[in-house]
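Please read the structure below before turning to the comments.
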Amino acid sequence: MSATDATQFSARLRSVTQEDHHAAESSDFITTLMGGERSARDYMLLIAQYHYIYGALEEEVRVLAADPELRQIFDAALERSGQIAKDLDVLLPAHGLKEIPAALPATEAYVAAIRASAAEPARLVAHHYLRYLGDLSGGLAIGKLVSRHYSIPDEALNMWKFEAIDKPKIYKDSYRDKLDVFGANTSHAEAVLDEAKRGFQWNKSIFEDLLKASASELSAAS
């Protein structure tokens with residue numbers, strides 16, 4: 001890989017995953033949720049799945065965070081597990097639940113993939129990128145939309161608050177710069193590209209499972 005290619009790795013990553021990214025974010029569940037066509041309970045079910053996803057991701061990241069090649073990317077300021085726990089403390093009782101809903105089959109598959117990726121850390125970088133850069137991009141709008149559409153209280157929207165990151169755009173630009181350095185290694189680059197594409201596909205499957213779970217609940221209630 002030439003120096004020019006290396007500096008463009010983050011742009012290449014975005015381009016290579018664009019189709020899979022679009023397919024995931026265009027899934028019926030997420031588009032109707034963001035469009036105000038679903039329910040506060042559906043939002044709670046989504047956050048419950050994030051409990052499992054971020055729990056696995058952050059456990060694996062912490063194990064590898066001291067690695068010289070990874071520590072600049074694996075920033076603890078991005079962690080969401082504690083924020084998700086705060087949200088579920090509010091969301092679960094609001095829907096008559098004492099326990100977090102079980103992980104859906106697609107969530108279990110995604111969690112297994114995240115844990116397996118730690119054996120080849122470049123693949124874990126792909127999941128890190130997919131989740132946190134998404135949260136700092138379109139994810140920040142999700143809190144505003146669900147608050148507006150479903151009257152989700154502010155104390156249940158911690159998932160979308162990054163208190164330690166004052167300027168998300170500057171942070172994202174810096175993150176991409178670090179990815180460019182990491183992607184200068186060809187084997188790293190190919191692993192990240194491959195795993196990121198798979199990651200968006202797993203996310204699409206989770207949205208499909210959430211749609212089925214929501215429909216099943218509606219059918220049981222009728």
Side-chain angles (χ1 to χ4, degrees), residues 10 13-14 17-18 20-55 57-58 75-97 100-101 104 106-107 110 127-176 196 199-200 202-211 213-215 217-218:
S10 58
L13 175 58
R14 183 173 182 176
T17 59
Q18 187 172 13
D20 295 296
H21 187 177
H22 178 71
E25 69 181 11
S26 299
S27 298
D28 284 349
F29 177 85
I30 200 67
T31 56
T32 52
L33 183 70
M34 295 303 98
E37 301 170 48
R38 306 207 67 81
S39 68
R41 187 176 183 86
D42 285 331
Y43 177 71
M44 178 273 296
L45 290 172
L46 173 65
I47 297 301
Q49 300 312 300
Y50 284 168
H51 161 78
Y52 299 105
I53 293 165
Y54 285 88
L57 177 60
E58 289 167 8
D75 183 1
L78 293 166
E79 290 193 356
R80 299 290 86 198
S81 292
Q83 303 292 81
I84 290 168
K86 293 177 188 176
D87 290 347
L88 290 173
D89 283 346
V90 177
L91 293 169
L92 295 179
H95 296 281
L97 298 177
I100 300 171
L104 295 167
T107 301
Y110 188 25
H127 294 292
H128 194 273
Y129 160 81
L130 186 160
R131 296 262 38 115
Y132 297 119
L133 262 284
D135 295 338
L136 285 168
S137 298
L140 293 179
I142 293 176
K144 295 178 182 177
L145 287 171
V146 297
S147 175
R148 181 193 313 160
H149 293 318
Y150 310 112
S151 299
I152 304 294
D154 186 66
E155 58 267 28
L157 294 171
N158 294 287
M159 169 68 193
W160 315 111
K161 298 174 185 175
F162 289 83
E163 290 89 349
I165 298 174
D166 294 331
K167 298 179 179 179
K169 184 182 185 305
I170 292 174
Y171 187 94
K172 288 187 294 180
D173 288 344
S174 175
Y175 186 102
R176 293 187 185 101
F200 281 117
W202 277 307
N203 274 274
K204 183 174 185 290
S205 295
I206 289 169
F207 293 147
E208 290 170 351
D209 272 10
L210 282 163
L211 191 66
S214 178
E217 285 196 353
L218 286 174

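The figures here come from the full heavy-atom set of this structure, side chains too, leaving out hydrogens, waters and symmetry mates. Quick note: residue numbers are just sequence positions, from 1.
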Mutual orientation of the aromatic rings belonging to His127 and Trp202 [parallel < 30°, tilted 30-60°, perpendicular > 60°]: tilted

Do the non-hydrogen side-chain atoms of Arg80 and Tyr132 ever get within less than 4.5 Å of each other? yes

Using a 4.5 Å cut-off on heavy atoms from C-beta on, say whether the side chain of Leu130 contacts that of Asn203. yes

In this structure, CG of Leu104 is separated from OH of Tyr52 (nearest 0.5 Å) by 9.0 Å

Count the heavy atoms of every other residue, nucleotide or ligand shown that sit under 6.0 Å from CD of Glu37, and state whether that count exceeds 12. yes

Residues 25-36 vs salt bridge (Lys or Arg N to Asp or Glu O under 4.0 Å), sequence neighbours excluded, gives none

Under a 4.0 Å N-O cut-off, is there an ion pair linking Asp87 with Lys161? no

N-O pairing of Lys86 and Asp89 below 4.0 Å: no

Heavy-atom closest contact (His22 atom, Ser26 atom, distance): O-OG, 2.7 Å

Assess Arg176 against Tyr129: is NZ or CZ under 6.0 Å from the centre of the six-membered ring, and within 45 degrees of the ring's axis? no

Taking atom CD1 of Ile206 and atom CG of Leu45, what is their separation to the nearest 0.5 Å? 13.0 Å

Rounded at 0.5 Å granularity, tell me how far CE in Met44 sits from CD1 in Ile100. 10.5 Å

Rounded to the nearest 0.5 Å, what's the gap from CZ on Arg131 to CD1 on Ile53? Could you check? 5.5 Å

Can you say whether the rings of Tyr175 and Tyr171 are parallel (under 30°), tilted (30 to 60°) or perpendicular (over 60°)? tilted

Contacts of Leu145 that satisfy side chain to side chain contact (heavy atoms under 4.5 Å, CB included) - sequence neighbours left out: Met34, Arg148, His149

Test side-chain hydrogen bond (donor to acceptor under 3.5 Å, both in side chains) on Tyr54 and Asp135; report intermediate values, then the result. CA-CA 12 Å; Tyr54 285 88; Asp135 295 338; 2.6 Å; yes

Ile30 side, atom CD1; Arg38 side, atom CZ - distance, nearest 0.5 Å: 10.0 Å

Roughly how far apart are Gln49 CD and Asp209 CG, rounded to 0.5 Å? 8.0 Å

